[in-house]
2 protein chains.
Amino acid sequence: MNTTTLTALAEPNRLHIIELIRDRGPLTIGDIANRLELNQPQTSKHVRVLHEAGLVEVQPAANRRIIKLRTEPFQELDHWLESFRSMWDDRLDRLDEYLRDIQGRDHSD
Amino acid sequence: MNTTTLTALAEPNRLHIIELIRDRGPLTIGDIANRLELNQPQTSKHVRVLHEAGLVEVQPAANRRIIKLRTEPFQELDHWLESFRSMWDDRLDRLDEYLRDIQGRDHSD
DNA sequence: TTAAATTATTCCTTGAAAGGAATATTCCGT
DNA sequence: ACGGAATATTCCTTTCAAGGAATAATTTAA
């Protein structure tokens, strides 16, 4: 896992920006600033960090910039988490194994 | 999503500690320090942060502390990522739909 | 009880990140 | 070309996290 993704997400305002776009779809800097009650300069700065981290795509449209989510970093994070999933999947795996065991068991005795 | 988990993971050495324990199982402070070539004080400090963030469990054993991974924060992170999964699952969903469409299509003409 | 091993804490310094305020830049419409 | 809107950048200050070095605390062994 690379830490730039995590560092970008670790700042509360940036995390809010990400979740806002996830929920509302692509937004401009001004939209984001309004909805999250941030000043425009700080919003630009945070979006810059998100963009440099590859979390976000920036589409110039005349005067404005439309900010979209990119999928790759989240996929990477998801993939990284797979290496941990066995920690809490064990219980389910055992249940699964148990059920398959039940299925094939000889019930004749 | 809460930022304390992300903040804790965003520091490279701490991320290494997490991955080390994930791969090798529970380790002591000294083990971690040796394997990652960190000084003991910094290792203790980083583990402290990880513990305060709930990422790690600390079991005193005589002179030493045994550091184990906790599952909850990773489960939470996993759950948070689910809200993003549709972003890259859409393509697969459409492919799936396409394939099912192909299957049922009338090829008689 | 003393010594050695393991870990924790404190103090200090440094660097980086974040916000505020002001200003610059870019683009459109007229 | 000019004014206004949207965004970017700069400068400044403050806060905070991280590492180094030294030292404290705890436990075991002898």
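Since the structure is predicted, the reported quantities are computational estimates derived from the model, not experimental observations. Each chain gets a letter, A, B and so on, in the order its sequence line appears, and its residues count up from 1. What's counted below: heavy atoms across the whole structure, side chains too, no hydrogens, waters or symmetry copies.
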OP1 or OP2 of [N] under 4.0 Å from side-chain N/O of [X]:
| X | N | answer |
| --- | --- | --- |
| B:His46 | D:dG19 | yes |
| A:Arg48 | D:dT7 | no |
| B:Asn13 | D:dG19 | yes |

As a test of reading the structure: which of [options] is closest to the side chain of [X], going by heavy atoms?
| X | options | answer |
| --- | --- | --- |
| A:Ser44 | D:dT7, D:dA21, C:dT7 | D:dT7 |
| B:Ala62 | D:dT28, D:dG20, D:dT9 | D:dT28 |
| B:Arg14 | D:dT7, C:dA21, D:dA18 | D:dA18 |
| A:Asn39 | D:dA22, C:dG20, D:dA18 | C:dG20 |

Checking B:His79 side chain against B:Gln75 main chain: does a donor-acceptor pair fall under 3.5 Å?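 Looks like no, no N/O pair under 3.5 Å.
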Under 3.5 Å, is there a donor-acceptor pair between the side chain of A:Asn39 and the main chain of A:Pro41?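 No.
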Value in whole Å for how far the [atom2] atom of [N] lies from [atom1] of [X]:
| X | N | atom1 | atom2 | answer |
| --- | --- | --- | --- | --- |
| A:Leu6 | D:dA17 | CG | C1' | 17 Å |
| A:Ile66 | D:dA6 | CD1 | C1' | 12 Å |
| B:Ile17 | C:dT7 | CD1 | P | 13 Å |
| A:Leu38 | C:dG20 | CG | P | 9 Å |

Scan A:Thr28 against the nucleic acid and name what it touches under 4.0 Å (heavy atoms): base, sugar-phosphate only, or nothing.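 Sugar-phosphate: the residue A:Thr28, judged by heavy atoms under 4.0 Å, touches backbone atoms but no base.
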Qualifying residue for side-chain hydrogen bond (donor to acceptor under 3.5 Å, both in side chains) with A:His46, from A:His16, A:Arg14, A:His51: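 Only match with A:His46 under side-chain hydrogen bond (donor to acceptor under 3.5 Å, both in side chains): A:Arg14.
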Want to settle it: does B:Arg64 or A:Asn63 sit nearer the 5' end of DNA chain C, counting the closest nucleotide to each?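 Checking each residue's closest nucleotide, the 5'-ward one belongs to B:Arg64.
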Once hydrogens and angles are ignored, does a donor-acceptor distance under 3.5 Å link the base of D:dA8 to the side chain of A:Gln40?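 Between D:dA8 and A:Gln40, which were checked side chain against base, a qualifying N/O pair under 3.5 Å is present.
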Suppose we call a contact any N or O donor and acceptor under 3.5 Å apart; does that hold for the side chain of A:Lys45 and the base of D:dT7?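 Between D:dT7 and A:Lys45, which were checked side chain against base, a qualifying N/O pair under 3.5 Å is absent.
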Whether A:Trp80 and B:Phe74 hold their rings parallel, tilted or perpendicular, with breakpoints at 30° and 60°: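 Answer is tilted, since the angle falls between 30° and 60°.
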Closest non-hydrogen atom pair between A:Leu20 and A:Ile32, with its separation: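 Closest heavy-atom pair between A:Leu20 and A:Ile32: CD2-CA, 4.1 Å.
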